[in-house]
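Step one of this worksheet: look at the structure below.
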Amino acid sequence: MNSGTSSPQSRSPVCSSPPKYAELELQQLERIPPPKHPVKVLLLENVHQTGVSLFEREGFQVELLKTSLTEEELMEKIKDVHIVGIRSKTQVTKRVLENASKLLAVGCFCIGTDQVDLEAAERLGIPVFNSPFANTRSVAELIIAEVVCLSRKLFDVSKGCHEGRWLKSAVGCHEIRGKTLGIIGYGHIGSQLSVLAESQGMNVIFYDIIPVLPLGNSTPCKSLEEVLSNADFVTLHVPKSPQTANMIGEKEIKLMKKGAYLLNASRGTVVDLQALANALRSGHLAGAAIDVYPKEPKANGVGFETPLQNCPNTILTPHIGGSTEEAQQMIGEEVATALIKLVKSGSTVNAVNFPNLEVPFTPSSHRILNVHKNVPGVLRDINEIFASRDTNVKAQVLGTTADIGYLIVDVDKETSEEVKEAIASLKPSLRTRILY
Ligand SMILES: NC(=O)c1ccc[n+]([C@@H]2O[C@H](COP(=O)([O-])OP(=O)(O)OC[C@H]3O[C@@H](n4cnc5c(N)ncnc54)[C@H](O)[C@@H]3O)[C@@H](O)[C@H]2O)c1
Ligand SMILES: O=C(O)[C@H](O)COP(=O)(O)O
């Protein structure tokens with residue numbers, strides 16, 4: 001395993017300018033006193049250097065690993081970590097979270113958060129952050145490229161040339177203009193792709209489980225089946241969920257037009273790859289482009305296997321939909337900024353499993369945070385602790401979910417360890433932290 005403290009990564013010219021988004025956000029935190037204790041950050045899966053630099057600028061101690069870790073490895077490593085940053089591979093399970101008594105937050109440096117047990121994190125008082133659309137454009141562009149490549153059998157003829165075979169032919173090769181792209185899941189990526197596809201002269205139809213605004217001239221369909229039976233290209237942009245598990249299997253592939261193409265850059269659980277391989281080998285489908293797999297290697301190297309290997313006109317990529325310098329830089333900035341804000345100010349804005357709260361900094365205030373089980377009377381008990389110590393509350397904001405309450409309190413006196421202990425010992429308290 002390649003590891004080290006803040007080991008430098010290769011940087012392209014597009015990433016050398018200072019991150020503007022982060023600058024603006026972090027400037028607002030400059031007046032806040034630094035954290036009372038050293039902050040340890042563990043970053044896995046080669047999180048981009050922009051994130052590393054932002055943490056280091058705050059004086060946080062960063063350890064960056066190139067790969068993901070197994071559950072056992074992570075359980076060991078996370079024990080004394082305050083912030084953990086992952087991408088799509090690392091599974092942050094309930095067991096891992098229960099072993100992370102110092103953990104303040106999890107940062108998913110990607111879109112998907114299905115790799116984290118969000119419910120367990122919430123119940124343990126740990127907010128989880130992601131980057132909801134920084135790699136959207138990268139995925140949409142990849143799909144457009146693949147639609148063209150599949151229509152022209154580009155990978156097969158290119159492979160032929162590399163191997164010394166000249167395979168000039170127009171048979172089965174088409175323009176994409178006038179063809180129908182069927183998008184399953186019309187969220188950030190699906191809708192962005194819709195715009196790009198129409199600009200290439202494609203007709204767009206789509207299916208989503210919620211009502212969404214059809215962009216341009218795209219047409220919503222009433223069912224998955226309607227998209228499958230009418231599209232020349234079917235592309236999947238749904239999240240991993242129990243509803244999307246194996247949503248495309250033998251039955252669904254049979255509904256697709258003969259000679260149609262299937263693309264999946266969402267999650268590997270969505271398509272039954274053996275059924276897809278059968279359809280490609282039988283000639284029912286004319287090609288496929290697959291970026292995600294039910295089981296993906298935890299690090300780069302050899303040994304990857306899928307039933308799609310050597311299927312005709314089949315593009316296989318190693319989960320690189322969001323892997324561009326632009327996307328990774330933006331993700332690094334966005335997620336690191338959210339995590340720094342959480343550490344310094346308690347802000348949970350954009351957390352995916354937590355009440356979203358933010359309280360502006362006011363000089364001469366002292367801030368304490370408390371996460372508790374959402375039961376009646378907690379606020380009364382906490383305020384009683386302050387009142388009995390002649391401490392005046394200057395600002396107090398509470399947000400709740402069904403299970404937890406998150407409280408940010410600003411008071412007029414520096415909070416002592418004794419007061420912190422009194423709050424932390426309340427039965428419903430999950431996590432209590434003095435910020436400044
Ligand atoms: N290959 C990559 O590198 C890569 C990069 C980014 C995202 N992704 C994956 O792509 C997924 C989609 O990303 P996004 O940003 O567009 O997410 P999003 O949340 O913006 O959109 C997902 C859409 O799917 C819809 N949906 C959910 N279940 C559905 C179902 N059963 N049938 C039809 N529609 C359904 C939702 O209503 C939503 O509109 C992510 O969850 C992630 O797993 C992969
Ligand atoms: O969820 C995502 O954003 C994508 O799957 C990309 O994940 P990655 O950062 O692990 O490439």
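What you see below is based on every heavy atom in this structure, not just the backbone, and it leaves out hydrogens, waters and symmetry mates. Numbering of ligands and ligand atoms starts at 1, following listing order. Every value quoted in this text rests on a predicted model; they were computed, and no experiment measured them.
Distances from ligand 1 to the non-hydrogen atoms of S266 include at least one value under 4.0 Å. Residue contacts with ligand 1 do not include Q192, since none of its heavy atoms lies under 4.0 Å from the ligand. Residue-ligand proximity: H319 is placed with a non-hydrogen atom under 4.0 Å from ligand 1.
For the salt bridge (Lys or Arg N to Asp or Glu O under 4.0 Å) test with E71, the passing option among K298, K94, R95 is R95; the others fail.
Proximity of I209 to ligand 1, defined as any heavy-atom pair under 4.0 Å, is shared by backbone and side chain alike. Both the backbone and the side chain of V238 come within contact range of ligand 1, each with a heavy atom under 4.0 Å. Heavy atoms of V139 found under 4.0 angstrom from ligand 1 belong exclusively to the side chain. Residue contacts with ligand 1 for R267 involve side-chain atoms from C-beta outward but no N, CA, C or O (heavy atoms, distance under 4.0 Å). By the criterion of a heavy-atom distance under 4.0 Å, the side chain of N135, and not its backbone, is placed next to ligand 1.
In this structure, atom 19 (O) of ligand 1 is not in close contact with the protein, since no protein heavy atom lies within 4.0 Å of it.
Of the protein's non-hydrogen atoms, the one nearest atom 31 (N) of ligand 1 is T244 CG2, 3.7 Å. Among all protein heavy atoms, the one lying closest to atom 36 (C) of ligand 1 is D208 OD1, 3.4 Å. Looking only at protein heavy atoms, the nearest one to atom 44 (C) of ligand 1 is A265 O, 3.1 Å. Atom 17 (O) of ligand 1 has H188 N, 4.5 Å as its closest protein atom, hydrogens excluded (heavy atom only).
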Where does ligand 2 get N/O contacts under 3.5 Å from the protein, atom by atom?
unit_1: ligand 2; atom_1: 1 (O); unit_2: I111; atom_2: N; d: 3.4
unit_1: ligand 2; atom_1: 1 (O); unit_2: G112; atom_2: N; d: 2.7
unit_1: ligand 2; atom_1: 1 (O); unit_2: R267; atom_2: NH2; d: 2.8
unit_1: ligand 2; atom_1: 3 (O); unit_2: I111; atom_2: N; d: 2.6
unit_1: ligand 2; atom_1: 3 (O); unit_2: N135; atom_2: ND2; d: 3.0
unit_1: ligand 2; atom_1: 5 (O); unit_2: R267; atom_2: NH1; d: 2.7
unit_1: ligand 2; atom_1: 5 (O); unit_2: R267; atom_2: NH2; d: 3.3
unit_1: ligand 2; atom_1: 5 (O); unit_2: H319; atom_2: NE2; d: 2.6
unit_1: ligand 2; atom_1: 7 (O); unit_2: S88; atom_2: OG; d: 3.4
unit_1: ligand 2; atom_1: 9 (O); unit_2: R87; atom_2: NE; d: 2.7
unit_1: ligand 2; atom_1: 9 (O); unit_2: R87; atom_2: NH2; d: 3.2
unit_1: ligand 2; atom_1: 10 (O); unit_2: S88; atom_2: N; d: 3.0
unit_1: ligand 2; atom_1: 10 (O); unit_2: S88; atom_2: OG; d: 2.6
unit_1: ligand 2; atom_1: 11 (O); unit_2: R87; atom_2: NH2; d: 3.1

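Within the set P239, G185, G112, the minimum heavy-atom distance to atom 27 (C) of ligand 1 is found for P239.
Atom CD1 of I143 and atom OG of S138 lie 11.5 Å apart (nearest 0.5 Å).
Within the structure, every pair that satisfies the ring pair (Phe, Tyr, Trp, His ring centres under 6.0 Å) test and touches residues 274-302, not counting sequence neighbours, is listed here: Y293-F304.
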